[in-house]
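Contents: one structure, followed by commentary.
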Amino acid sequence: MFGLFRKNKLVKIRSLNETTKHGVAATSLKELLKKGSKLLQVPLVGSHICLYEDGTELSEDYFRSLPDHAELVLLAMDESWSGFVCDIVRLLDTDRNSDLLIDAAKGLLSDERSPKRRKLLGELLLHLKDSSETENREDDEDWFQGIDVRFKTKSAYMKYNCESRIRGYMKEFAYSQVDSYAQTIQKPKLKAEYKKTAESLVMQLKSDKYNGCYFNRTEKELNRLCTEDGWFSCQGAFDQDECISLHSINPYGNRESRILFSTWNLDHRIEKKRTVIPALVEALQNRKSSNINLDYFYKMLFTRENLKLVHIVCHKKSAHDLLCDKRNMYKWGKRK
């Protein structure tokens, strides 16, 4: 009797596989199931309705307590809904619908005035416009804007990019450079031993092609810092085991990401200028260059043994307070 006088409740309802929400008025959950099943073409038998926000399944009593315009999801018998996190999962899997998402995000961005939302939409667009599957210049000319024409593939340029960074470390170390540490050494004998050591280490670095393999996604997994698709993950600050912010980037994906990747650093855990090179000079004061463990210093200066790839936020420029291991500075049998 009293059910005849119940007020219509207006809700917004959608199905599992569609994002369009429909306004439906109903006085009971049973009526809403009938109307929704017909509207969204979901089989009525076994169907159920959940809150969009957290996936709570509705009962008749719960339905009566809902505010108007509550957002709901109509599900078939075997379907489930865990809340809006389900939409986030779908958003992350953008391979099939990326073009539609890009168009939708562009439309929202053009009308958006909130700086925060504009930033979020801009970052979404950046990641959606992913062309990491392409490798050759002719297949993604936008990615190669501003890059010398001698580079025909993304991997070739990224390899060169890494080589350039490592070369920069070599210049700070090499004897021949005017601004290198070598110019601070005053004793002629020590300077001669340093020159001999520096030349040996530079020869090894050239032999290893400046370790450009670190940024080259076509290299073997053990030799590169990225996935085969080109994704790099921040390895965390020098005093952390991992990146607590989970920074990641794919410079192979688009031109903007390639440019942003230049702000990431190959950071020496044990600092190059403050610690490694002075430790080498100290070792040469006590031993000839032939007695120095060059492999150890090579690893400390130029390899992943002491280099961490870090997002600019995780790059701490304060003193690292880490020292070279004196047990590894000399060849075995040369120092007790």
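None of these values were measured; they are calculated from a predicted model. Along the sequence shown, the residues carry numbers beginning at 1.
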Where at least one partner belongs to residues 35-59, residue pairs that pass ring pair (Phe, Tyr, Trp, His ring centres under 6.0 Å), sequence neighbours excluded: Y52-W81
Considering only distance and modelled atom types, tabulate donor-acceptor pairs under 3.5 Å from the side chains of residues 230-243, sequence neighbours left out.
residue: Q235; atom: OE1; partner: L309; partner atom: N; Å: 2.7
residue: D239; atom: OD1; partner: K316; partner atom: NZ; Å: 3.1
residue: D239; atom: OD2; partner: K316; partner atom: NZ; Å: 3.1

query: Is the backbone N or O of S155 less than 3.5 Å from a side-chain atom of E135, with the two atoms forming a donor-acceptor pair by type?
result: yes
query: With distance as the sole test, does N306 use its side chain to make a donor-acceptor pair with the main-chain N or O of M300 at under 3.5 Å?
result: yes
message: Regarding N254 and R258, do their side chains bring together a donor and an acceptor under 3.5 Å, going by distance alone?
response: no
- prompt: Do the side chains of R304 and L225 get nearer than 4.5 Å, heavy atoms only?
  reply: yes
message: Pairing donors with acceptors under 3.5 angstrom, does anything connect the side chains of T227 and D229?
response: no
I270 with V310, same ILVMFWY side-chain cluster at under 4.5 Å: no
task: For D148 and Y160, run side chain to side chain donor-acceptor pair (under 3.5 Å): C-alpha distance rounded to whole Å, both residues' side-chain angles, the deciding distance at 0.1 Å, then the answer.
output: CA-CA 11 Å; D148 193 284; Y160 169 79; over 6 Å; no
Salt-bridge criterion met for K308 and D267 (N-O under 4.0 Å): no
statement: Closest non-hydrogen contact found for V45 with M77 is O-CE, 3.8 Å
- prompt: Would Y210 and M170 count as a side-chain contact (heavy atoms from CB on, under 4.5 Å) if you check the C-alpha gap in whole Å, the side-chain angles of each, and the deciding distance to 0.1 Å?
  reply: CA-CA 9 Å; Y210 302 97; M170 181 192 73; 3.9 Å; yes
statement: Here the pair of heavy atoms bringing Y298 nearest to Q204 is CD2-NE2, 3.3 Å
task: Would you check, one step at a time, whether the test side-chain contact (heavy atoms from CB on, under 4.5 Å) holds for L284 with S289?
output: CA-CA 6 Å; L284 288 169; S289 58; 4.0 Å; yes
- prompt: Does Y169 belong to the same Ile/Leu/Val/Met/Phe/Trp/Tyr cluster as L205, with side-chain heavy atoms less than 4.5 Å apart forming each link?
  reply: yes
query: Side-chain heavy atoms under 4.5 angstrom apart, residues restricted to Ile, Leu, Val, Met, Phe, Trp, Tyr: same cluster for L10 and L72?
result: no
- prompt: Backbone N or O of K272 within a donor-acceptor pair of the T275 side chain at under 3.5 Å?
  reply: no
message: Does any part of the side chain of D295, heavy atoms only, come nearer than 4.5 Å to the side chain of N328, both counted from C-beta?
response: no
NZ or CZ of R224 within 45° of Y252 ring axis and under 6.0 Å: no
task: Using side-chain hydrogen bond (donor to acceptor under 3.5 Å, both in side chains) as the criterion, point out the one residue from R14, K21, K12 that pairs with E71.
output: K21
Between S59 and D61: side-chain donor-acceptor atoms closer than 3.5 Å: no
field: Side chain to side chain, I292 and K331, heavy atoms closer than 4.5 Å
entry: no
field: CA sep, side-chain torsions, deciding dist, call: T27, K9, side-chain contact (heavy atoms from CB on, under 4.5 Å)
entry: CA-CA 6 Å; T27 59; K9 190 178 293 294; over 6 Å; no
field: Salt bridge present between K154 and D140 (N-O < 4.0 angstrom)
entry: yes
- prompt: Between R137 and E141, does at least one N-O distance fall below 4.0 Å, as a salt bridge requires?
  reply: no
- request: Return yes if some donor-acceptor pair links the side-chain N/O of S37 with the main-chain N/O of K34 below 3.5 Å, else return no.
  value: no
task: Say whether, by atom type as modelled, one donor and one acceptor occur between the side chain of E79 and the main chain of A76 under 3.5 angstrom.
output: yes
task: Flag the pair E31 and K35 as a salt bridge only when some basic side-chain nitrogen lies within less than 4.0 angstrom of an acidic carboxylate oxygen.
output: yes
Pair H315-N265, side-chain donor/acceptor within less than 3.5 Å: yes
query: Can you tell me if H320 uses its side chain to pair, donor with acceptor, with the backbone of H268 under 3.5 Å?
result: yes
field: Heavy-atom pair of closest approach, residues F63 and L58
entry: CD1-CD2, 4.2 Å
- request: Report whether L29 and L39 are members of the same hydrophobic cluster (ILVMFWY, side-chain heavy atoms less than 4.5 Å apart, transitive linking).
  value: yes
query: Is there a donor-acceptor pair closer than 3.5 Å between any side-chain N or O of S245 and the backbone N or O of H247?
result: no
field: Check against side-chain contact (heavy atoms from CB on, under 4.5 Å), K152 and N136
entry: CA-CA 6 Å; K152 306 301 181 185; N136 298 321; over 6 Å; no
- prompt: Using 30° and 60° as the class limits, which term best fits the ring planes of F151 and Y157: parallel, tilted or perpendicular?
  reply: perpendicular
message: Can you see whether S15 engages N17 through a side-chain donor-acceptor pair at a distance of less than 3.5 angstrom?
response: no
message: Whether R287 and E193 form a salt bridge (side-chain N of Lys/Arg under 4.0 Å from carboxylate O of Asp/Glu) is what I want to check.
response: no
Shared hydrophobic cluster for V24 and Y62 (ILVMFWY, side-chain gaps under 4.5 Å): yes
